[in-house]
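Read through the structure below, which is laid out as structure tokens, and then see the notes.
Sequence positions, counted from 1, serve as the residue numbers for this chain. Excluded from the calculations below are hydrogen atoms, water molecules and symmetry mates; all remaining heavy atoms, backbone and side chain alike, are included. Note that the coordinates shown come from a computational prediction; the quantities given were computed from them, not determined experimentally.
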Amino acid sequence: MANIGPEPNSANSHSANPTRPGVMPPALFVLERGAVRATELTRGPWAHQVMHGGAIGGLLGWAVEREQQRLGISQVCSRLTVEILSGMPMATYEITATTTKGGKRTALVDAEVREAPGGGGSGRLVARATSQWLTPTAPPGDEPTGDGQSLPPIPAERADPGANPDIDYPRPGFNADAVDFRFVGGSTEEPGPGRTWLRLDHPFMAGEETSPLVRVATLADLGAAVGWDFSPSGGAYINTDVTLQLLRVPAGKWFYFDAATVVAPQGLAGTHTAICDRHGLLGWVLQSQVEAPAEIGFPGGMAAARVAGR
């Protein structure tokens, strides 16, 4: 078993951030009349009325998992690929999931998110996902064993992205309130590789227990925030996809991210994140990056980001 040390604030996971606003939504999403409504905990830093990619990835992970469970086959999600087709305001959405292959050894499940006509939307497709599920060959109930990798303990101090006066994080919001960051190296305000323990700090869907897959799917997009870097022109990168590959079912609520961005010519880049849990290596996240338009930059502007990264 990897050495992560005791879990801080395990008795009350929501009391660790002293600057957190007093009133919080019950969860990231709420089910309403067959649709899903996003709360302020899904709000991202790029535009203050638009959802964070992590919340969107979690929503699609939630959808494919529900569909896969309907098949009645005990399988493990080995891959989840999320594509965000448009900025998604905090609004109401319709979610559908379809089994494209329902085999005993492998299954493929797709999901789509559309604007809900009942919530004032047009029914437009705004995000989609594909997923692969594999049947494990080990007997059910076998505990994964550590792979010998030594991981740093979880720091006692919680990071607070909203505390930097030069960077305008929305509150409540995804980075500052929905996720508990405990950085080992780097931060969300510093360019370059980063390493952090993190966990989802609120229920995902109101009234439901959050599954291990949904926890990881919701956090996966944060690899780009942990390991971000500047483009050669000094701009910011933004990702429009997330591919999560898992070796097994995630264990526990805390996950360790080791993320870095590799810059390529023509304004492109890619972020690679290794993910561990208390048993060791869990999987990886890959994110395609493109240089963001000037009107979509780091919260507070790239100048603020450079100051924060000194």
Side-chain angles (χ1 to χ4, degrees), residues 1-10 13 16 54 57-58 61-62 64-65 68 74-82 105-106 131-159 179-188 192-201 204 209-228 242-262 270-287:
M1 182 177 294
N3 175 28
I4 65 173
E7 293 194 0
N9 301 302
S10 58
S13 64
W62 174 84
V64 298
E65 184 176 55
Q68 197 277 336
S74 180
Q75 295 179 315
V76 176
C77 182
S78 64
R79 178 187 53 79
L80 174 68
T81 297
V82 171
R105 294 182 62 85
T106 66
S131 66
Q132 176 177 261
W133 298 75
L134 303 179
T135 302
T137 56
D142 279 9
E143 281 289 327
T145 57
D147 58 6
Q149 181 175 357
S150 178
L151 298 174
I154 302 173
E157 183 178 355
R158 174 178 181 147
V179 179
D180 183 349
F181 287 96
R182 307 293 174 98
F183 276 92
V184 176
S187 76
T188 53
R195 295 174 294 128
T196 185
W197 285 98
L198 70 169
R199 65 177 170 186
L200 187 62
D201 205 22
F204 182 80
E209 180 70 23
T210 307
S211 73
L213 173 62
V214 171
R215 291 182 189 279
V216 174
T218 306
L219 297 171
D221 185 69
L222 289 167
V226 174
W228 71 275
V242 181
T243 295
L244 170 66
Q245 184 178 24
L246 297 174
L247 299 171
R248 52 180 168 81
V249 175
K253 298 181 179 180
W254 285 97
F255 301 97
Y256 181 76
F257 278 30
D258 187 344
T261 295
V262 177
T271 299
H272 176 276
T273 305
I275 303 179
C276 298
D277 61 13
R278 62 189 179 90
H279 292 292
L281 183 65
L282 175 63
W284 303 268
V285 176
L286 292 176
Q287 294 166 278

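Here W133 contributes atom CH2 and T106 contributes atom OG1; the two are 13.0 Å apart, rounded to the nearest 0.5 Å. Note that CD1 of I275 and CG of L219 are 8.0 Å apart. Values are rounded to the nearest 0.5 Å. The structure places OG1 of T273 at 14.0 Å from CZ of F255, a figure rounded to the nearest 0.5 Å. Distance CG/L244 to CG/D221: 11.0 Å, rounded to 0.5 Å. Of the inter-residue distances, the one linking W254 atom CH2 with D180 atom CG reads 4.0 Å to the nearest 0.5 angstrom. In this structure, OG on S211 lies 3.5 Å from CD on E65, to the nearest 0.5 angstrom.
Using a distance-only test at 3.5 Å, with no hydrogens or angles considered, a donor-acceptor pair links the side chain of W197 to the main chain of P152. Here the side chain of D277 pairs a donor or acceptor atom with the backbone of A251 at under 3.5 angstrom. Looking at T261, its side chain does come within 3.5 Å of a backbone N or O of G227 through a donor-acceptor pair. Formation of a donor-acceptor pair under 3.5 Å by the R182 side chain with backbone atoms of A156 is found in this model.
The closest side-chain heavy-atom distance from L282 to C276 is not below 4.5 Å. When side chains are defined from C-beta on, R195 does not count as touching V226, because their heavy atoms never get closer than 4.5 Å. Residues R215 and P250 have side chains not in contact (no heavy-atom distance under 4.5 Å, counting atoms from C-beta outward).
Evaluation of the side chain to side chain contact (heavy atoms under 4.5 Å, CB included) rule for Q245 yields W284 as partners, not counting sequence neighbours. With sequence neighbours excluded, the residues satisfying side chain to side chain contact (heavy atoms under 4.5 Å, CB included) with V76 are P136, V249. For F181, the ring-ring contact (aromatic ring centres under 6.0 Å, His included) criterion is met by F183, not counting sequence neighbours.
Residues R158 and D201 are paired through a salt bridge, judged by an N-O separation under 4.0 Å between the basic side chain and the carboxylate.
When all heavy atoms of V242 and A220 are compared, the closest pair comes out as CG1-CB, 4.0 Å. The two residues A217 and L80 make their nearest non-hydrogen contact at CB-CD2, 3.8 Å. Of all the heavy atoms in G61 and V64, the pair that sits closest is O-CG2, 3.4 Å.
A side-chain contact (heavy atoms from CB on, under 4.5 Å) with R79 holds for exactly one of L246, T243, L134; it is T243.
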